[in-house]
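Structure record follows, encoded as structure tokens.
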Amino acid sequence: MAQINIREIVLDILLELSGQTEYSNVLIGAALDKYDYLEGREKAFIKHVSEGTIERRIQLDYVLDQYSKTPVTKMKPLIRELLRMSVYQLLFMEHIPAAAVCNEAVKLAKKRRFQSLQGFVNGVLRNIARGCGEIAWPDRQQDPQGFLSVCYSMPPWLVSHFAGSYGEENCEKILAAYLERGPVSVRLDERLSETERESLLAVWEKEGVKVHRHPYLPYAAGLEGVSGVRGLAGYREGRFSVQDVSSMLVVEAAGICPGDTVIDVCAAPGGKALHAAVKLNGTGEVIACDVSRHKTAKIEENCARLGMKQVSVRVQDARERDDSLVGQADVLLADVPCSGLGVIGHKQDIKYRVTKESLSEIQKLQQDIITNVIDYIKPGGILMYSTCTMNPGENGEMAAWICESFGLEPVSMEDRLPGALAGEAKQGMVQLLPGIHGTDGFFLAKLRKKGNPA
């Protein structure tokens with residue numbers, strides 16, 4: 001077998017991503033699956049450099065434009081991605097010798113038939129290697145938003161958006177949190193006793209996993225040093241699920257009671273639907289719907305692993321009315337498609353894809369979905385509206401539109417959410433922020449349909 005060049009794998013991922021065909025996490029995951037036979041450290045390098053180069057693109061381009069006579073925008077696509085990934089290694093992977101980074105980049109340029117640009121690649125990278133400690137970043141005092149944009153690699157309009165919506169101080173905390181590699185968030189099965197939970201956590205810690213119990217929920221934990229959750233004790237037995245704490249809070253706040261009918265209209269991969277089933281404790285029903293067989297298959301896989309027999313799964317587009325569901329839901333879960341600004345830390349290229357125009361387009365889709373599914377709720381029933389974004393137009397303003405358009409009213413979640421969230425929860429709506437709440441960026445609203453239950 002020919003020797004695999006792991007830097008070339010990274011280069012191909014970046015080139016494929018530049019065609020905007022798929023999200024970075026999907027492309028990186030597919031590459032790691034394809035080259036699963038590589039050693040762990042080699043796969044870790046591919047993941048680290050790919051994610052880092054994508055995440056830090058604005059900062060890397062800023063540096064390249066200082067040291068290259070040819071602007072980044074004028075470079076050949078292959079040379080541009082090759083230089084970006086190499087500069088990332090120079091700036092953020094100090095354990096790799098600069099000479100090795102430069103030499104490998106030159107070899108790759110030659111291998112990919114850019115012999116005429118070998119000298120250019122070599123010269124730019126060696127100049128950056130020599131001068132990386134003297135890079136002139138934007139002045140924080142004179143141009144605070146320019147500084148934040150470059151140093152946290154965030155498009156300027158999004159810096160303005162976060163600063164305008166949540167304040168300058170919170171804006172920087174949000175941007176910093178995006179660049180951190182946070183722990184894997186898991187939901188321990190609530191049916192486990194505290195002793196059983198502690199026993200499972202102790203097994204993980206013996207396997208070298210660092211465990212953090214989340215302060216918001218007793219069954220939530222963050223795991224560091226995990227190479228893959230499928231190999232952890234308890235996974236096959238369904239004793240835990242990968243789920244962000246923000247998503248857990250939706251079900252916690254809903255007030256699901258034994259015997260309820262819960263409908264989840266945008267359910268994949270099934271975290272909230274399965275959590276709701278736990279709350280039902282073997283009674284009632286959860287109807288989990290999503291738009292394609294590909295998505296519902298993920299829900300079914302998780303149902304089987306967790307042994308949730310009262311969850312029925314349907315291929316159902318939330319924009320298409322299902323008359324059989326009208327008036328059935330005690331609780332309707334609607335985690336609608338959104339701009340995804342709250343999960344940029346997991347899907348680094350979202351920040352380059354989203355535009356001001358797309359924010360308006362996604363709001364129209366959200367309105368269409370809610371208009372279609374609102375009749376599924378019984379009189380007196382609950383709508384849990386949620387998104388994984390931090391755009392007021394998709395969140396608080398959308399919740400207000402739902403109440404005004406369909407006669408719903410906000411319900412306090414103060415008695416069901418942790419004290420740290422009590423202020424907002426009392427108003428029936430909570431905005432979670434990365435770097436502040438220890439969760440993804442997320443919005444949830446609890447809205448009651450007026451009328452008396454049958």
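Values in this document were obtained by computation on a predicted structure and should not be read as measured data.
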*Does atom CZ of R236 have more than 12 heavy-atom neighbours, drawn from other residues, nucleotides or ligands, at distances under 6.0 Å?*
no
*Parallel, tilted or perpendicular: which describes the rings of F406 and W401, with under 30° parallel and over 60° perpendicular?*
perpendicular
_Salt bridge present between K378 and D260 (N-O < 4.0 angstrom)_ = no
*Lys/Arg-Asp/Glu bridge criterion (N-O < 4.0 Å) met for R41, E39*: yes
*Is any NZ, NE, NH1 or NH2 atom of the basic residue among E194 and R213 found under 4.0 Å from an Asp or Glu carboxylate oxygen of the other?*
yes
*asked:* So does P269 get a backbone contact from the side chain of N302, meaning a donor-acceptor N/O pair under 3.5 Å?
replied: yes
_Ion pair D368/K364, N-O distance below 4.0 Å_ = yes
_Looking only at the side chains, is there a donor atom on one of D440 and S246 sitting less than 3.5 Å from an acceptor on the other?_
no
*Do R321 and D375 sit within salt-bridge range, that is, some charged N less than 4.0 Å from a carboxylate O?*
yes
*asked:* Once you measure the plane-to-plane angle for Y88 and H48, does it fall in the parallel (<30°), tilted (30-60°) or perpendicular (>60°) bin?
replied: perpendicular
*Sorted by first residue and then second, give each ring-ring contact (aromatic ring centres under 6.0 Å, His included) pair with at least one member in residues 325-351; sequence neighbours left out.*
none
*Tell me yes or no: between the side chains of E424 and Q431, is some donor less than 3.5 Å from an acceptor?*
no
*Kindly state each residue pair satisfying ring-ring contact (aromatic ring centres under 6.0 Å, His included) with at least one member in residues 378-400, sequence neighbours excluded.*
none
*Exceeds 12 heavy-atom contacts within 6.0 angstrom, atom NZ of K43*: yes
*Between D61 and R80, is there a side-chain N and carboxylate O pair less than 4.0 Å apart?*
no
_Heavy-atom donor-acceptor pair, S185 side chain to Q243 backbone, under 3.5 Å_ = yes
*Between E300 and R293, is there a side-chain N and carboxylate O pair less than 4.0 Å apart?*
yes
What side-chain donor-acceptor pairs closer than 3.5 Å can you find for residues 248-255, not counting sequence neighbours?
residue	atom	partner	partner atom	Å
E252	OE1	Y219	OH	2.3
E252	OE1	K279	NZ	2.9
E252	OE2	K279	NZ	3.4

*With distance as the sole criterion, is a donor-acceptor pair present between the side chains of E394 and S339 under 3.5 Å?*
yes
*Working to the nearest 0.5 Å, report the span between CG of N281 and SG of C257.*
12.0 Å
*Does Y62 have any ring-ring contact (aromatic ring centres under 6.0 Å, His included) partners at least two apart in sequence or in another chain, and if so, which?*
W137
*Under 3.5 Å: donor-acceptor pair, side chain of N395, backbone of T389*: yes
When the side chains of residues 202-211 are checked against the rest of the protein, which donor-acceptor pairs come out under 3.5 Å, sequence neighbours left out?
residue	atom	partner	partner atom	Å
W204	NE1	A233	O	2.9

*Between the side chain of Y166 and the main-chain N/O of M390, is any donor-acceptor distance below 3.5 Å?*
yes
*asked:* Regarding R305 and E301, does a basic nitrogen lie under 4.0 Å from an acidic carboxylate oxygen?
replied: no
*asked:* Can a donor-acceptor pair be found, under 3.5 Å and without considering hydrogens, that links the side chain of S153 to the backbone of R56?
replied: yes
*To the nearest 0.5 Å, what is the distance between CD (Q59) and CZ (R57)?*
13.5 Å
*State whether the side chain of Q316 and the backbone N or O of E320 hold a donor-acceptor pair below 3.5 Å, judged by distance alone.*
yes
*asked:* What verdict does the side-chain contact (heavy atoms from CB on, under 4.5 Å) test give for I377 and I382, after you've listed the backbone C-alpha separation in whole Å, the side-chain angles of each residue and the deciding distance to 0.1 Å?
replied: CA-CA 7 Å; I377 309 171; I382 294 295; over 6 Å; no
*asked:* So, using ring-ring contact (aromatic ring centres under 6.0 Å, His included) as the criterion, who are the partners of W157 when residues are at least two apart?
replied: none
*asked:* Donor-acceptor check, side chain of D317 to backbone of V291, threshold 3.5 angstrom: yes or no?
replied: no
*Heavy-atom pair of closest approach, residues V229 and F240*: O-CZ, 3.8 Å
*Shortest non-hydrogen contact from L148 toward E172*: CD2-CD, 3.8 Å
*Determine yes or no for a side-chain-to-main-chain donor-acceptor pair under 3.5 angstrom, with S199 supplying the side chain and T195 the backbone.*
no
*Return the minimal non-hydrogen interatomic distance between L306 and R191, and the atom names on each side.*
O-NH2, 3.5 Å
_side-chain contact (heavy atoms from CB on, under 4.5 Å), that's the test. Do V265 and L325 meet it? Break it down for me._
CA-CA 10 Å; V265 294; L325 298 179; 5.9 Å; no
*Let me see the working for V354 and L158 under side-chain contact (heavy atoms from CB on, under 4.5 Å), right down to the final yes or no.*
CA-CA 9 Å; V354 70; L158 274 176; 4.0 Å; yes
_V10 backbone acceptor or donor facing S50 side chain under 3.5 Å_ = no
*Atom CG in L444, atom NZ in K272: separation rounded to 0.5 Å?*
10.0 Å
*So do the side chains of E81 and S18 get within less than 4.5 Å of each other, counting heavy atoms only?*
yes
*Looking only at non-hydrogen atoms, find the nearest pair between P392 and H161 and report the distance.*
CD-CE1, 4.0 Å
*Can Y178 and E55 be said to form a side chain to side chain donor-acceptor pair (under 3.5 Å), step by step?*
CA-CA 9 Å; Y178 284 148; E55 189 170 56; over 6 Å; no
_Heavy-atom closest contact (S149 atom, I58 atom, distance)_ = O-CG2, 3.7 Å
*asked:* So which atom in Y352 and which in I54 form the shortest heavy-atom distance, rounded to 0.1 Å?
replied: OH-O, 2.7 Å
*Step by step, would you call R448 with E409 a side-chain contact (heavy atoms from CB on, under 4.5 Å)?*
CA-CA 5 Å; R448 179 188 290 120; E409 58 187 2; 3.7 Å; yes
_Expected output: side-chain H437 to main-chain F442 donor-acceptor under 3.5 Å_ = no
